[in-house]
Amino acid sequence: MELFGLTISGALELLKKREISPVELTKAVLGRIESVDDKISAFVTVDGEKALARAGDIAAGEGGLSGIPIAVKDNICTKGVRTTCSSRILENFIPPYESTVTGRLLNEGYVLIGKTNLDEFAMGSSTENSGFFTTKNPWVTERVPGGSSGGSAAAVAADECIAALGSDTGGSIRQPASFCGVVGMKPTYGRVSRYGLVAFASSLDQIGPLTKNVRDAAVLLNVISGHDGCDSTSLNMDVPDFTSVLGSDIRGLKVGVPGEYFIEGIDSEVAIPVKNAISQLERLGADVVDISLPHTGYAVATYYVIATSEASSNLARYDGVKYGLRVEGNDLLDMYMKTRSEGFGQEVKRRIMLGTFALSSGYYDAYYRKAQQVRTLIRRDFEKAFEEVDIIATPTSPTTAFKIGEMISDPLQMYLSDILTISANLAGVPAISVPCGFSSEGLPVGLQITGRHFDEESILKVAYAYEQSTEWHKRRPLL
Ligand code: GLN
């Protein structure tokens, strides 16, 4: 196998035995980017020289990730390396500080291979909202890779990195993982520090891994998890070794299948592989039971009130004074308006307006407060379900990857593509997407496994058992 095709665990083994060096591995991955990224456009920034210099400084075997080339979504701050959020307004922003997650990766010896493309400020489901360019799905390049972490998912699928980090506010790790045939995990809210993640909707955002297999997701999660005094929402709680549960039996484990996730509108090309995957869990000894998450139908509306409200407030800081772009005007107000009008793309503006409206006096009670109340009901649905079952199995997305341009003019249709992932963010529970099949056109399908708060272990255990009993994760796109 070519070195760029390695997983984290596979690469670490060779590095530790000194069969390969961090420099060789980094060169291989840079070479891969060089040869395929013209077709995929996964990266906003690649600094090969810096990556090689870093790889040269690393003594193999010192940290848990020493010498592993990892791609980072471009809304996660990397000190001294441009962090754009795929927005014109931050096009030349070079963070003076390191995010907590990348700081932890640095301590473990990782090599930052590049910063990946996203929908501007992580708002979208296809990377078409990037202020720069659209990333292509490595399986069928006329299709979107999903979003907003589409650059990270495509980079992992195309072997342009060994693994990647993404962020998930309403599905942005899991949906692109499912579209690109890789593993993507959103941890429990509070498990991973958000310090240095450019805020979109702070009560929903979580950083997580995008990897070639489940073991690698556990390895990365081990590194990025844990309390951080710089993020008041990060929980002070012990972090287990997530790899220790891999390989354990899932016999007797209770798998809930919510009827609300298999409704009309779910493409049969998705529903069939997912149902087969659930049968496979049964063959592995799990007990499958029908459950109900009765408020699922309100999730999209609830999310788009809360997410846009928080975004309108978070994005107020881009005013031409504190960060990035500044467009001069006749006076201060004119400068603000010109900067924001030129710096933000259409979708970001739409969300700022929606959120500002929802928070306005007179409307707050009708929209924002109501949405928060419904959010509680959605969380309770999960709590109730988890009294009965250990995990919940569903499709990750109602469809496989759609065509570039197909939905961009219809934002409501695009919003609906998040219908199966959003509830986990509203409830704060962890969820993973693992490859579970392909459509007749050769597009990957994802199985979503959701767990109790802070029970990433059950999710990983089931995902691993499923993965090891199937071959889907071994397929790679032909590039
Ligand atoms: N697609 C959803 C949105 O547009 C989710 C985005 C995300 O998770 N960052 O808001």
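This structure is a prediction, so every number in the text was calculated from the model and none was measured. In listed order, ligands and their atoms are each counted from 1.
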Student: Tell me whether Ser148 reaches ligand 1 (any heavy atom closer than 4.0 angstrom to a ligand atom).
Tutor: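 Under 4.0 Å: yes for Ser148.
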Student: Counting each atom of ligand 1 from 1 as listed, which ones have a heavy atom of Phe200 under 4.0 Å away?
Tutor: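 Near Phe200, meaning under 4.0 Å from one of its heavy atoms, ligand 1 has 9 (N), 10 (O).
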Student: For Gly170, take its heavy atoms, then give the atoms of ligand 1 lying under 4.0 Å from any of them.
Tutor: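 Counting from 1, the qualifying ligand atoms are 5 (C), 7 (C), 8 (O).
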Student: Establish, from distance only, whether the side-chain atoms of Glu441 and Thr400 form a donor-acceptor pair under 3.5 Å.
Tutor: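 The answer is no; no qualifying pair exists.
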Student: With heavy atoms only and a cut-off of under 4.0 Å, state how Tyr303 meets ligand 1: side chain, backbone, both or neither.
Tutor: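 For Tyr303, only side-chain atoms sit under 4.0 Å from ligand 1.
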Student: Check contact between Met414 and ligand 1, using heavy atoms of the residue and a distance below 4.0 angstrom.
Tutor: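 No heavy atom of Met414 comes that close to ligand 1.
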Student: Taking NZ, NE, NH1 and NH2 as the nitrogens, is one of them in Arg350 or Glu347 under 4.0 Å from a carboxylate oxygen of the other?
Tutor: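 Looking at Glu347 together with Arg350, the answer is yes, because their closest N to O distance falls below 4.0 Å.
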Student: Regarding Thr84 and Asp74, is there a side-chain donor-to-acceptor distance under 3.5 Å anywhere?
Tutor: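 Side chains of Thr84 and Asp74: pair found under 3.5 Å.
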Student: Using a 4.0 Å cutoff against the non-hydrogen atoms of Ala122, which atoms of ligand 1 qualify?
Tutor: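 Atoms satisfying the 4.0 Å criterion: 6 (C), 7 (C), 9 (N).
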Student: Any salt bridge linking Glu457 with Lys461? Criterion: basic side-chain nitrogen under 4.0 Å from a carboxylate oxygen.
Tutor: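 Result for this pair is no, no salt bridge flagged.
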Student: N/O of Ser125 under 3.5 Å from N/O of ligand 1, yes or no?
Tutor: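 In this structure, Ser125 places an N or O atom under 3.5 Å from an N or O of ligand 1.
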Student: Could Asp47 and Lys115 be called an ion pair, given the rule that one side-chain N must be under 4.0 Å from one carboxylate O?
Tutor: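 No.
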Student: Over 60° means perpendicular and under 30° means parallel, so tell me whether Phe344 and Phe121 are parallel, tilted or perpendicular.
Tutor: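 Ring orientation, 0 to 90° scale: perpendicular.
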Student: Within ligand 1, which atoms have a heavy atom of Asp418 less than 4.0 Å away?
Tutor: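 Listed by number with element, the hits are 1 (N), 2 (C), 3 (C).
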Student: Using a 4.0 Å heavy-atom cut-off, which part of Arg351 comes near ligand 1: side chain, backbone, both, or neither?
Tutor: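 Looking at Arg351 and ligand 1, just side chain atoms fall under 4.0 Å.
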Student: Quick one: do the Ser178 and Ser433 side chains pair a donor with an acceptor below 3.5 Å?
Tutor: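 There is no such pair (donor and acceptor under 3.5 Å, judged by atom type) between the side chains of Ser178 and Ser433.
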Student: Counting only heavy atoms closer than 4.0 Å, does ligand 1 sit against the backbone of Thr169, its side chain, both, or neither?
Tutor: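 Both backbone and side chain of Thr169 come within 4.0 Å of ligand 1.
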Student: What protein heavy atom is closest to atom 6 (C) of ligand 1, reported as residue, atom name and distance in Å?
Tutor: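 I find the closest protein heavy atom is Ser172 OG, 2.9 Å.
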Student: Tell me the contacting part of Tyr304 for ligand 1: side chain, backbone, both, or neither, using a 4.0 Å heavy-atom threshold, strictly below.
Tutor: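 For Tyr304, the contact with ligand 1 is made by the side chain alone.
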Student: Counting from 1, what ligand 1 atoms have a heavy atom of Gly124 closer than 4.0 Å?
Tutor: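 The atoms of ligand 1 under 4.0 Å from a heavy atom of Gly124 are 1 (N), 2 (C), 3 (C), 4 (O), 6 (C).
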Student: Taking Asp390 first and then Arg452, would you say they form a salt bridge - that is, a charged N and a carboxylate O separated by under 4.0 Å?
Tutor: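 Salt bridge: yes.
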Student: Which atoms of ligand 1 are found less than 4.0 Å from any heavy atom of Met123?
Tutor: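 Those atoms are 4 (O).
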Student: Do Ser193 and Asp228 have a side chain donor and acceptor closer than 3.5 Å?
Tutor: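 Distance-only check passes for Ser193 and Asp228.
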